[in-house]
Amino acid sequence: MIFTVAIDGPAAAGKGTISRAVAAQFGFAHLDTGLLYRAVGAKGGDPVRAAQTLSDADLARPDLRTLAAGQAASRVATIPEVRAALVAFQRAFARREGGAVLDGRDIGTVICPEAEVKLYVTASAQVRAHRRWLEVGGDEAQVLAEVIERDKRDAERAVAPLKPAPDALVLDTSEMTVEEAVDAARAVIAARIEGRS
Ligand code: C5P
């Protein structure tokens, strides 16, 4: 079965948690596409060359989850040639046999507009910054400033900007527990699978 779940949204909205949970529930493969951009940013040197030569070892670096890696990722993610170098891998992953969940910023709009399910997961900047701060620690006001700066760069860039696909279901998780958010996503996916059979 070819079945793609596209989960887009701003930083720390809960995309990763929801994606991992529904991938496990439905037996689908999962790709965190932010990791690709984080690895390109962390590699240093020419970002286009880094994207063209990205290896498994680059994706396994232990420092990809830091705030600094997130900022570096969102800078290289504005470069059209970097994005272009990563398209084929993501498209192939999305349409692999057995089902796939991809989370990112442009999965439903650019990478896989034909995705069977498109979710746009969001939450207020304060809630998202608080969640990220619980993970990384440090100064919460600084975390909020970085989240806002990254969202602005992602939403305002010329290529593949962060925005919901016209046919995406928007899920605002500001007031939801993790279980509620995962349940809502699971229900949408189950209904779509049901509708196909
Ligand atoms: O999702 P994550 O926070 O790991 O993404 C890091 C950065 O990578 C984002 O801020 C964004 O600039 C970029 N990104 C992107 N397109 C994607 C996934 C991530 O531009 N599909």
Side-chain angles (χ1 to χ4, degrees), residues 4-21 23 29-44 47-48 50-51 54 58-95 100-115 117-123 125 127-136 142-165 168 171 173 181:
T4 309
V5 181
I7 303 190
D8 293 305
K15 303 185 299 289
T17 307
I18 293 172
S19 300
R20 279 188 297 276
H30 171 227
L31 179 65
D32 168 2
T33 64
L35 215 53
L36 304 175
Y37 294 92
R38 285 172 182 263
V40 170
K43 208 166 169 182
V48 177
L54 211 57
D58 295 329
L59 294 171
R61 288 174 64 127
D63 58 349
L64 297 182
R65 296 280 172 205
T66 63
L67 288 181
Q71 289 290 358
S74 89
R75 282 191 208 98
V76 298
T78 63
I79 305 169
E81 294 83 358
V82 165
R83 306 198 70 83
L86 301 174
V87 166
F89 174 74
Q90 294 176 83
R91 283 216 173 118
F93 193 99
R95 300 316 266 169
V101 182
L102 288 84
D103 68 286
R105 303 291 185 289
D106 63 340
I107 308 304
T109 50
V110 174
I111 298 298
C112 193
E114 71 272 41
V117 173
K118 295 183 191 176
L119 294 176
Y120 187 85
V121 179
T122 188
V127 166
R128 292 186 290 113
H130 186 69
R131 289 177 187 159
R132 186 49 53 92
W133 172 76
L134 290 174
E135 286 169 13
V136 299
Q142 171 71 20
V143 176
L144 175 61
E146 296 221 8
V147 160
I148 290 172
E149 183 189 343
R150 196 140 71 87
D151 289 349
K152 184 166 154 52
R153 197 183 295 122
D154 290 348
E156 290 181 354
R157 70 181 175 220
V159 220
L162 169 67
K163 63 169 184 216
L171 193 63
T173 67

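Order of appearance sets the numbers: ligands from 1, and atoms from 1 within every ligand. If you're wondering where the values come from, they're calculated on a predicted model, not measured in any experiment. Starting from 1, each residue takes its place in the sequence as its number.
Nearest protein heavy-atom neighbour of atom 8 (O) of ligand 1: Tyr37 CB, 3.5 Å. Protein heavy atom at the shortest distance from atom 13 (C) of ligand 1 is Ala77 CB, 3.8 Å.
Between Glu149 and Lys152 no salt bridge is recorded (no basic side-chain N to carboxylate O distance below 4.0 Å).
Close approach of ligand 1 to Ala73 (heavy-atom distance below 4.0 Å) involves ligand atoms 6 (C), 7 (C), 8 (O). In the vicinity of Ser74, heavy-atom distances shorter than 4.0 Å reach the ligand 1 atoms 10 (O), 12 (O). Each of the following atoms of ligand 1 lies closer than 4.0 Å to a heavy atom of Arg83: 15 (C), 16 (N), 20 (O).
A donor-acceptor pair under 3.5 Å is formed between the side chain of Arg38 and the backbone N or O of Leu64. The backbone N or O of Ala13 lies less than 3.5 Å from a partner atom in the side chain of Arg131, making a donor-acceptor pair.
Considering both main-chain and side-chain atoms, Asp106 comes within under 3.5 Å of ligand 1 through a nitrogen or oxygen pair. Remark: ligand 1 and Thr33 share an N or O pair separated by less than 3.5 Å (distance only, no angle test).
Taking 4.0 Å as the cut-off, Arg75 does not count as a neighbour of ligand 1 on heavy-atom distance.
Residue nearest to atom 17 (C) of ligand 1, selected from Arg157, Arg105, Arg150, Arg38: Arg105 (by heavy-atom distance). The closest heavy-atom contact to atom 12 (O) of ligand 1, among the options Asp154, Val147, Asp8, comes from Asp154.
Considering Ile7, Asp32, Asp8, Thr4 in turn, Thr4 is the only one that fulfils the side-chain contact (heavy atoms from CB on, under 4.5 Å) rule with Leu102.
Residue Lys15 holds its NZ atom at 11.0 Å from CZ of Arg20, rounded to the nearest 0.5 Å. Atom OG1 of Thr33 and atom CD of Gln90 lie 5.0 Å apart (nearest 0.5 Å).
Side-chain polar atoms of Arg150 and Ser74 form no donor-acceptor pair below 3.5 angstrom.
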